[in-house]
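Before any comments, here is the structure.
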There are 2 protein chains.
Amino acid sequence: MSDLLETVRGLAKKTESKILMVVLDGVGGLPLTPGGDTELAAARTPNLDALAQESQLGLVELVGAGLTPGSGPGHLSLFGYDPLKYVVGRGALSAVGIGVKLNSGDVAVRGNFATLDPNRLILDRRAGRPSDEKNVEIVTRLRAAISEIDGIPVEIYTESEHRFVVVFRAPEGQTLGANISDVDPQGTGVQPMTAVPGDPSSDRTAALVNAFVARAEIALRDEPQVNGVLFRGYSDVPHFPSFADAYGLTAACIASYPMYKGLASLVGMDVLHVEGHEDALDGKVQALRENWAKYDFFYFHVKKTDSTGEDGDFAEKVHKIELFDELLPQLLELRPDVLAIVGDHSTPSKLRSHSWHPVPLLIRSEYGRWDHAARYTEEEAQRGSLGLRKGTDVMPLLMANALKLNKYGA
Amino acid sequence: MSDLLETVRGLAKKTESKILMVVLDGVGGLPLTPGGDTELAAARTPNLDALAQESQLGLVELVGAGLTPGSGPGHLSLFGYDPLKYVVGRGALSAVGIGVKLNSGDVAVRGNFATLDPNRLILDRRAGRPSDEKNVEIVTRLRAAISEIDGIPVEIYTESEHRFVVVFRAPEGQTLGANISDVDPQGTGVQPMTAVPGDPSSDRTAALVNAFVARAEIALRDEPQVNGVLFRGYSDVPHFPSFADAYGLTAACIASYPMYKGLASLVGMDVLHVEGHEDALDGKVQALRENWAKYDFFYFHVKKTDSTGEDGDFAEKVHKIELFDELLPQLLELRPDVLAIVGDHSTPSKLRSHSWHPVPLLIRSEYGRWDHAARYTEEEAQRGSLGLRKGTDVMPLLMANALKLNKYGA
C-alpha cells in the first residue's frame, strides 16, 4: 500500500458529506493543429463553464510523466491506488468485468478463438471475428467438454466476438501461479505455442493451460472457423485494500461497460444496476438519483468521450462532451458536497489512442480556493490552483474537501 | 532519513551567508465567500508587498495532498524532515517543549488531572481546569510522592491548567517501549482504564504507568477536585538526524510557545531566550538582532496568525498579518542573504482549524528568478515561479539560494 493511502486510511472519518467523482473517460485531448482548440475547448459547454467558474482546477498525471495509462491503471490511480504498485492483469479485469468473483489463488486468463489449419498452423488469430451469438455457442460447447482438468475446476465465460475468459479455480488454501508464457504467438502461419511456467508456483497452471488448449481443439475439431484457442494475459488475483476501508466510505460505481464495473468491484465498490444500452447516460443519472441517499461516494463513468477519441473523430468527441454538459445540471441538482470531474487518461482524436497528456481535474466544494478559470479545458486547468498532480492525489483532495480527514499529527 | 535530506547533507558547505526562515503559523487561508479575499489578500501589507515584488513565490504542501498538517509535521517538513517518516508523539513534543531533555530509551507521557468520585468514576476529565498555580502545587505534591517506581526515575512536569507531563527515564542501555493503551477513557462516569502493553518492550512501561496512577490517587486523595490522573499520548524518543549536521548550519530557534521550541530543540537547534509574553514579537526581533552574528540559520516563529484563524476571527487574523508586516522592516534591516516567509500549514478562519490547503512560500535572495508577483498572497503564490512543492523542498531551496550546496555529481 502506498504511504499516502495508508496515511489517509488512518485519518479518514465518517461524515454526512457526499462525494461525486465523474470520470469522463479519455476526456483530455489535443488540438489538431498548433494553436487550435482541443476537443474540450471546441465544445460548447455552458454548464461546465459555469461550474468551472466556482471550482478549483488542476492537471492530473495518472501514472507518471510520459506514461500513457491503460484504463485499469488510470482508474486505480484516481481511486488512490498507486498503479505502479497495484497491477491488475487483463485476465482478472475481464473476469471481474463480467461479474465473475475471483478468489485468492485463482488464475484468470484471456482467450481468443482462432482458426487453425489441419497442421495446427494459425490462419486467423481472431477466428474471423465470430458474432457474439457464435461466441456463446462455442463457449457452451467448451463448457460441456471441459468442466475440470486434473481435479481443478475450470470456468469458461463469453466476452464478445472472438474473446473469452477462463478461470482456473485454486483448491482451498492453494495458489495457482500466473507466471506463464503466452500460447498466442501473435502471428499467423505458425502453431500455437506451448505454455511454459516461469516459476515453480506456475507449473500446474501451465499444465492446465496446455491441457485446455488440447481439449478445446478436440471439442471444436468439426468447426470450420472457430477451431482453436490462444491465450495471453494470465492474471492471479490482486489483493487490494478495500476502498471502503481505506476511506471509510460507502462507495458505489455507476458505469455501463464491464471493465469499469470490474475495476470498481475489485476495490470493493458496490456496482449499481444501470438501465439502458451502451453509455446509457439517462440510466446512469437515474441510478445515481435512486441511490443518492445510500452511499457517501459515487464513481460515475462516461465512456463515449474515450471511444470517439479512439475513433479519431474530433467532432464526435466534441459532441459527446456537449452531451455530458447537457446532463450536468441533473448531477448538480443532487448537491454533492464535493464534485470532481476528471479523466482516467487523455484520448486525443489526433492520436486515435490513449495518451500520456495530463487530464484536467475540477473540484467543486465549499472549501476550495477559487480559481479564475472560465472553462473546464486543458489550458485553464494548467493555470489552475490545484497545480499538476499525481492521480493518487485526487482521492485525498476529495476527502479533505468533504471534511472527511482528521489532522495528521499533533 | 529521506533521500533528499541525505543528499543535501552530502553537498552542504559552510559559507558566511545567513538564512532567515520566518514561519507565519497557519498563515494560509480561504475566502469566506466565492471570489472573496483570503486573510492575506484582505490584509494591508505594504512591506510584504514590496518584498514579494523582489522575491520568488510558490505554494507548499507540508505533508501531502489533502492532508492537514499538525504543527509538528508541518514544521518538520519545513526543516526538511519527511513528516511521514519522522513521527513525533505528543508526549515527547510536550516534554521537549518545556525544556526537558529526552534521552534514547525514555518515554514521555501527557497527563491530565481529573476529578474522581469515591468509586473512581470520572466526574471531570479536566479536574475543573485548575489554575496554573494549582497545577504547580499538585505537581509538587506528586513529585514528593513519586520520584521513582520500581527503580525507574520518574520526572513530573507542569504544563498548564489540567495538563502535565511525566517522563520515565530508561536505565542506561535499556529501552522503555511506548506501545501502551490509554488510561483516559475519553468519557465520564467510568473508571480510568488500566494501561495494557501492546508489545513485550512496553510491559514494564505499562506497569510503571499503572503504578503511577495508583500512587497519584493515594497522594491526592484529600483533594476535592484534582484527585486523579489520566494518561494518553505515550511517546518514545524519536531519533532525528541533527539539523546542524544535515545542513552544516549553526541554527537558532526564535519562538515563544513551548511546542515550537520543542520541535526546534528536537532537531538540535539552539533555542534562544525571548523576552515578553505570548507572541512577544518585539522580544523576538530583539533576540534575532542580538544573536545575528552567532548563527547561520534562524527559524523565526509567529504564532498569532494561527490562533486567530483557529478562533474563526477573519478580521483579527488579518490584523495579525498586518502586525507582522509592520515588523518586517526590522528583519530586512539585518540583510539576510536568504529570507523565506512561509507557513507550517493553513488555518482558514472559515474552517476554524488547520487545513490541507497549500501555504504560500516566498524566497528572497540575490539568485532567484524574479516573479511578477505584486503581493504575498495565496493567489500570487499559485502563479509563482517556485510552483507547487512539498514542504521538504524548502530547506534545499534555501540552502541553494544561500550558495551553501555543492554541485551534485561531476
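A note on names: the letters A, B, ... follow the listed sequences, proteins ahead of strands, and every chain is numbered from 1.
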Heavy-atom pairs under 4.5 Å with chain A, option from B:Ala381, B:Gly387, B:Pro69, B:Gly89 with the top count
B:Pro69

Side chain, backbone, both or neither: which part of A:Leu405 has an atom under 4.5 Å from a heavy atom of chain B?
side chain

Within a 6.0 Å radius of atom CD on B:Glu310, are there more than 12 heavy atoms belonging to other residues, nucleotides or ligands?
yes

Close side-chain approach of B:Ser346 and A:Arg369, heavy atoms under 4.5 Å:
yes

For A:Glu61, all residues meeting salt bridge (Lys or Arg N to Asp or Glu O under 4.0 Å), sequence neighbours excluded
none

Is there a donor-acceptor contact under 3.5 Å from the side chain of A:Lys407 to the main chain of B:Ser355?
no

Could you pull out the closest heavy-atom pair between B:Pro73 and A:Gly409, with the gap in Å?
CG-CA, 3.8 Å

Looking at B:Ala65 and A:Pro396, what are the two nearest heavy atoms and their distance?
O-CB, 3.1 Å

Side chain / backbone / both / neither for B:Leu62 at chain A, heavy atoms under 4.5 Å:
neither

Strictly less than 4.5 Å between heavy atoms, which residues of residues 324-334 of chain A line up against chain B? Please order them by number.
none

Value rounded to 0.5 Å, distance of OG1 in B:Thr33 from CH2 in A:Trp370:
7.0 Å

Interchain contact, B:Val88 with chain A, by part (heavy-atom threshold 4.5 Å)
neither

Is chain B contacted by the side chain of A:Asp371, its backbone, both, or neither, given a heavy-atom distance below 4.5 Å?
side chain

Once rounded to the nearest 0.5 Å, what's the spacing between atom CG of A:Leu11 and atom CG of B:Leu67?
6.5 Å

Quick one: of B:Pro358, B:Gly72, B:Gly35, who has the most non-hydrogen atom pairs under 4.5 Å with chain A?
B:Pro358

Main-chain N/O of A:Tyr367 paired to B:His357 side chain as donor or acceptor, under 3.5 Å
yes

Side-chain donor-acceptor contact under 3.5 Å, B:Arg383 with A:Ser385:
no

Is chain B contacted by the side chain of A:Gln53, its backbone, both, or neither, given a heavy-atom distance below 4.5 Å?
neither

Gap between atom CG of B:Leu351 and atom CG of A:Leu403 - 0.5 Å precision:
6.0 Å

Relative to chain B, which of A:His372, A:Lys390, A:Met395 shows the most heavy atom pairs under 4.5 Å?
A:His372

So, does A:Tyr408 use its side chain to make a donor-acceptor pair with the main chain of B:Pro83 at under 3.5 Å?
yes

Region of B:Ser353 that comes under 4.5 Å of a non-hydrogen atom in chain A:
neither

Using every non-hydrogen atom in the two residues, find where B:Pro31 and A:Gly368 come nearest and quote the distance to one decimal.
CD-O, 4.4 Å

Pairwise distance CH2(B:Trp356) to CG(A:Asn401) - rounded to 0.5 angstrom:
4.5 Å

Measure the shortest side-chain to side-chain distance between A:Glu6 and B:Leu84 over non-hydrogen atoms and say whether it is less than 4.5 angstrom.
no

